[in-house]
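Input: a single structure, listed below in structure tokens.
Because the structure is a prediction, the values reported are computed rather than measured. Counting starts at 1 for both ligands and their atoms, following the listed order.
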Amino acid sequence: MVRVGILALQGDVAEHRRALADAGAEAVSVRRPADLDGVDGLVLPGGESTTVSMLLDSSGLAAPLTRAVRDGMPMFGTCAGMILLASSADDGRPDQRLLGAIDIRVRRNGYGRQAQSFECDLAVDEIDGGPVHAVFIRAPVVVSAGPGVDVLARLPGPGPGTGAAPVVCRQGHVLVSAFHPELTADRRVHQLFLSMIGARSGTGPGVAALVGG
Ligand code: GLN
């Protein structure tokens, strides 16, 4: 069984644990560097990216995570997790730590504060079976994405001042979503991530087997 770590320093860890279990993976909490041993991929949950950034330092995880993603460990970040994986972030703390694993620039809380949180249905490339219902909570806006980044989904219409902003992006073994797929019962985005892990190890089921229908 694929073993997926969840960065469990802060944020909605339990929801990701449930989603990964439903999608057929074993989920383990990652709080210390040793917890990364034997993990095939890592989920960085939503929460508060500035807080997680500080906890990455105090837990000693900052350097091992940077190394792991550079060495090709598949990673999936949702909302605050997307910010942590990005190459640059506007409106963060000046000392905020980013893993720089995907070539996107994000703006924290770019859709507004809590009151402007919203939901919508999204068509996501490589996910069949109809639109994905997406829950955005104080989400980051992807301001720009580099040429190596695949944009798998954009907001359907002009969002709050953002046009058709990218909301699901992938670069190699790194997947990010601005919304929270772990908060709905639809497991297809987590399955897409598991298919990336499978493709890397060469043992897992392909995208078609996991994501179809
Ligand atoms: N606004 C949060 C941040 O900047 C992210 C919110 C979320 O993960 N739902 O880190």
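- Contact of the Val174 side chain with the Pro74 side chain is not registered, since no non-hydrogen atoms from C-beta on lie closer than 4.5 Å.
- The pair Asp90-Arg105 meets the salt-bridge criterion, with a side-chain N (NZ, NE, NH1 or NH2) lying under 4.0 Å from an Asp/Glu carboxylate O.
- Residue Asn109 has at least one N or O atom closer than 3.5 Å to an N or O atom of ligand 1.
- More than 12 non-hydrogen atoms from other residues, nucleotides or ligands lie less than 6.0 angstrom from CZ of Arg138.
- For ligand 1, the atoms sitting less than 4.0 Å from at least one non-hydrogen atom of Ser49 are 3 (C), 4 (O), 10 (O), numbered in the order shown with element in parentheses.
- For atom 7 (C) of ligand 1, the nearest protein heavy atom (residue, atom name, distance) is Cys79 SG, 2.8 Å.
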Show, in sequence, the C-alpha distance, side-chain angles and deciding distance for His190 and Glu182, and conclude whether the side-chain hydrogen bond (donor to acceptor under 3.5 Å, both in side chains) test is met.
CA-CA 8 Å; His190 286 79; Glu182 71 282 9; 5.1 Å; no

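- Between Phe193 and Phe76, the ring planes are tilted. Angles from 30° to 60° get that label.
- The protein heavy-atom contact nearest to atom 3 (C) of ligand 1 is Glu48 OE2, 3.3 Å.
- Between Arg138 and ligand 1, at least one N/O pair is under 3.5 Å apart.
- Residue contacts with ligand 1 for Arg108 involve side-chain atoms from C-beta outward but no N, CA, C or O (heavy atoms, distance under 4.0 Å).
- The distance from ligand 1 to the heavy atoms of Gly46 drops below 4.0 Å at these ligand atoms: 8 (O).
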Please step through side chain to side chain contact (heavy atoms under 4.5 Å, CB included) for the pair Ser29 and Ile6, ending with a clear verdict.
CA-CA 5 Å; Ser29 294; Ile6 306 173; 5.6 Å; no

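- Annotation for ligand 1: atoms under 4.0 Å from non-hydrogen atoms of Gly47 are 2 (C), 5 (C), 6 (C), 7 (C), 8 (O), 10 (O).
- For Arg3 and Asp40, the salt-bridge test fails: no basic side-chain N is under 4.0 Å from an acidic carboxylate O.
- Heavy atoms of Ile83 found under 4.0 angstrom from ligand 1 belong exclusively to the side chain.
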